[in-house]
Amino acid sequence: MSKADNMLSILWMLRSGKKMTAQQIADELEIHVRTVYRCIDSLCASGAPIIADSGPNGGFRILGQFTESPLMFDAEEQKALVHASIFAKETGYPFTDALERAIGKLKLYTNEEQLHQIERHSSGIAVLQPPVHDGLRPLLQTLENAAAQGQTLKMTYSKGREGAGTVREFDPYGIIHWKGQWYAAGYCRLRQEIRNFRVDRILDLETTELVFERPVDFSARDVLLGSLLPDPGSTEPLVDVVIQAHEHVLNELSQHWLFGHTLVSRHDGEARFRLDTSSLTSYVPYFLLPYGKALTILEPASLVLKLSEITTSLALHYERMLTGMTKKEG
């Protein structure tokens with residue numbers, strides 16, 4: 001075995017909690033006793049708290065609390081884990097407490113130099129996300145556990161309007177974080193189809209005795225995107241949207257989740273997208289509105305007309321607002 005394999009084997013043997021002499025370790029691994037001493041020296045240098053007791057009942061043992069420690073990580077792996085924990089916590093990751101305990105262990109069982117590097121890297125990255133309500137955490141935990149165990153949930157769900165929510169049995173296949181929101185994807189037994197549900201609109205979750213098998217090829221990400229993007233098999237007509245703009249504006253549009261997936265062609269400051277008609281009257285105009293004069297819509301005319309109606313309505317709204325302010329001041 002390589003030195004790294006010997007070191008890992010020795011570490012696992014000592015993690016069992018029993019004291020072993022160098023000769024016992026050598027006999028167990030079928031290596032020379034001098035190799036054992038070299039490996040233990042390397043383990044101590046890496047931060048493993050191995051204690052050497054002398055005397056008739058002596059031998060090597062590992063510090064008790066280290067038996068619960070993670071396997072050794074190099075500096076790059078430690079940095080990646082700390083950075084990943086920052087991203088996860090900011091998105092409202094449902095198992096934040098366990099994550100913080102894991103990072104705490106990582107810091108606890110490192111040497112002084114490694115801890116200093118971890119602290120430097122953790123303070124060098126920040127993530128800005130919309131605040132996630134603490135009440136979502138138990139819902140997310142229940143959904144994730146039910147998805148892993150194949151357990152059907154009784155869900156009370158509100159569509160965002162006033163009034164009591166709808167009660168349904170739901171087989172959660174997975175949870176997804178997208179654009180600052182958490183979604184649950186799975187089989188709705190009420191509608192008898194795969195659906196996505198916003199977790200912040202879930203009023204209550206109860207476990208049931210029913211169980212399910214998640215489809216092997218299921219992808220919560222693909223289901224969510226599929227509900228947002230035009231359906232190739234749909235009978236709804238698709239419309240070409242041609243936009244003329246500076247390259248940096250077209251770059252931003254091409255990176256957007258909807259426009260990026262519907263891009264047909266792009267050249268000489270123009271981009272052609274193919275969208276469904278429902279998007280042109282709902283989402284698309286409001287997304288393009290902030291770009292103002294930075295882009296020109298060459299087609300279709302219906303999209304330009306919709307933008308004109310929206311801006312006219314906004315102008316009237318602000319005029320009425322200004323008139324009200326003027327009357328109060330007068």
Side-chain angles (χ1 to χ4, degrees), residues 46-47 68-149 153 170 172-186 195-202 205 214 217-229 248 251-261 263 283 287 290:
S46 70
E68 297 180 359
S69 69
L71 294 178
M72 293 176 294
F73 299 107
D74 61 31
E76 288 297 307
E77 292 168 339
Q78 291 173 355
K79 177 179 68 175
L81 289 171
V82 171
H83 285 175
S85 72
I86 294 172
F87 275 91
K89 285 187 287 188
E90 289 300 322
T91 60
Y93 178 64
F95 301 99
T96 301
D97 293 342
L99 180 62
E100 290 179 345
R101 291 198 304 271
I103 297 300
K105 285 183 180 179
L106 180 65
K107 293 180 179 180
L108 180 62
Y109 302 113
T110 55
N111 57 43
E112 186 175 348
E113 181 181 353
Q114 291 171 331
L115 179 59
H116 178 66
Q117 289 299 320
I118 289 175
E119 296 292 349
R120 285 178 61 88
H121 284 298
S122 63
S123 63
I125 187 172
V127 180
L128 292 177
Q129 285 278 351
V132 179
H133 194 277
D134 289 339
L136 291 188
R137 185 181 299 179
L139 295 175
L140 290 168
Q141 291 175 346
T142 301
L143 288 164
E144 194 280 332
N145 286 328
Q149 298 169 10
L153 297 175
F170 177 56
Y173 292 166
I175 55 177
I176 320 103
H177 183 265
W178 183 74
K179 293 181 73 64
Q181 290 284 353
W182 281 97
Y183 295 83
R195 298 191 66 181
N196 298 298
F197 297 95
R198 275 180 49 169
V199 178
D200 64 331
R201 292 181 179 174
I202 296 177
L205 285 175
R214 179 170 50 191
D217 59 348
F218 179 82
S219 168
R221 175 185 178 277
D222 291 344
V223 168
L224 181 61
L225 278 177
S227 67
L228 299 169
L229 299 175
H248 78 270
N251 287 339
E252 289 185 10
L253 288 177
S254 299
Q255 292 169 5
H256 184 262
W257 63 268
L258 176 59
F259 286 91
H261 283 85
L263 179 65
Y283 177 81
F287 175 74

statement: Smallest heavy-atom separation, I175 atom then P94 atom, equals CD1-CG, 4.4 Å
Residues which pass side-chain hydrogen bond (donor to acceptor under 3.5 Å, both in side chains) with E252, listed by chain and number, not counting sequence neighbours: Y291
task: To the nearest 0.5 Å, tell me how far L139 CG sits from H133 NE2.
output: 10.5 Å
- prompt: To the nearest 0.5 Å, how far apart are CD1 in I176 and CH2 in W182?
  reply: 9.0 Å
task: Only counting residues at least two apart or in another chain, list the ones meeting salt bridge (Lys or Arg N to Asp or Glu O under 4.0 Å) with E119.
output: K107
- line: Residues passing the salt bridge (Lys or Arg N to Asp or Glu O under 4.0 Å) test with D217, sequence neighbours excluded, are none
query: Rounded to the nearest 0.5 Å, what separation is found between the NE2 atom of H256 and the CG atom of L263?
result: 13.5 Å
Closest contact, heavy atoms only, G174 versus A147: N-CB, 4.1 Å
- line: Sequence neighbours excluded, the answer for ring pair (Phe, Tyr, Trp, His ring centres under 6.0 Å) partners of Y173 is F212, F218
- request: Among residues two or more places apart or on two chains, list those pairs meeting salt bridge (charged side-chain N to carboxylate O under 4.0 Å, His left out) that have a residue in residues 79-96.
  value: E76-K79
- line: To the nearest 0.5 Å, atom OH of Y183 lies from atom CZ of R195 at 13.5 Å
- prompt: Got a sec, which residues hit side-chain hydrogen bond (donor to acceptor under 3.5 Å, both in side chains) with N145, two or more places apart in sequence or on another chain?
  reply: none
- request: Please list, chain by chain and in numerical order, all residues satisfying ring pair (Phe, Tyr, Trp, His ring centres under 6.0 Å) with W257, sequence neighbours excluded.
  value: W178, Y283
- prompt: If we only count heavy atoms from C-beta on, is the F170 to L205 side-chain gap below 4.5 Å?
  reply: no
- prompt: Rounded to the nearest 0.5 Å, how far does OG1 of T96 lie from CD1 of I103?
  reply: 11.5 Å
field: Under the side-chain contact (heavy atoms from CB on, under 4.5 Å) test, residues paired with A88 that sit two or more places apart
entry: Y93, L99
field: pair H83-I125: side-chain heavy atoms closer than 4.5 Å
entry: yes
message: S219: which residues meet the side-chain hydrogen bond (donor to acceptor under 3.5 Å, both in side chains) condition with it, sequence neighbours left out?
response: D222
Worked verdict on V82 versus H121 for side chain to side chain contact (heavy atoms under 4.5 Å, CB included): CA-CA 8 Å; V82 171; H121 284 298; 5.8 Å; no
Residues which pass ring pair (Phe, Tyr, Trp, His ring centres under 6.0 Å) with H248, listed by chain and number, not counting sequence neighbours: H246
- prompt: Do F95 and L140 touch side chain to side chain, with heavy atoms closer than 4.5 Å?
  reply: no
- line: Of all heavy-atom pairs linking A185 and N196, the shortest is CB-OD1, 3.3 Å
- prompt: Can you name the salt bridge (Lys or Arg N to Asp or Glu O under 4.0 Å) partners of D200, sequence neighbours left out?
  reply: R198
field: Sequence-distant partners of H261, ring pair (Phe, Tyr, Trp, His ring centres under 6.0 Å), two or more places apart
entry: none
message: With rounding to the nearest 0.5 angstrom, report the CG to CG distance, L225 to L258.
response: 10.5 Å
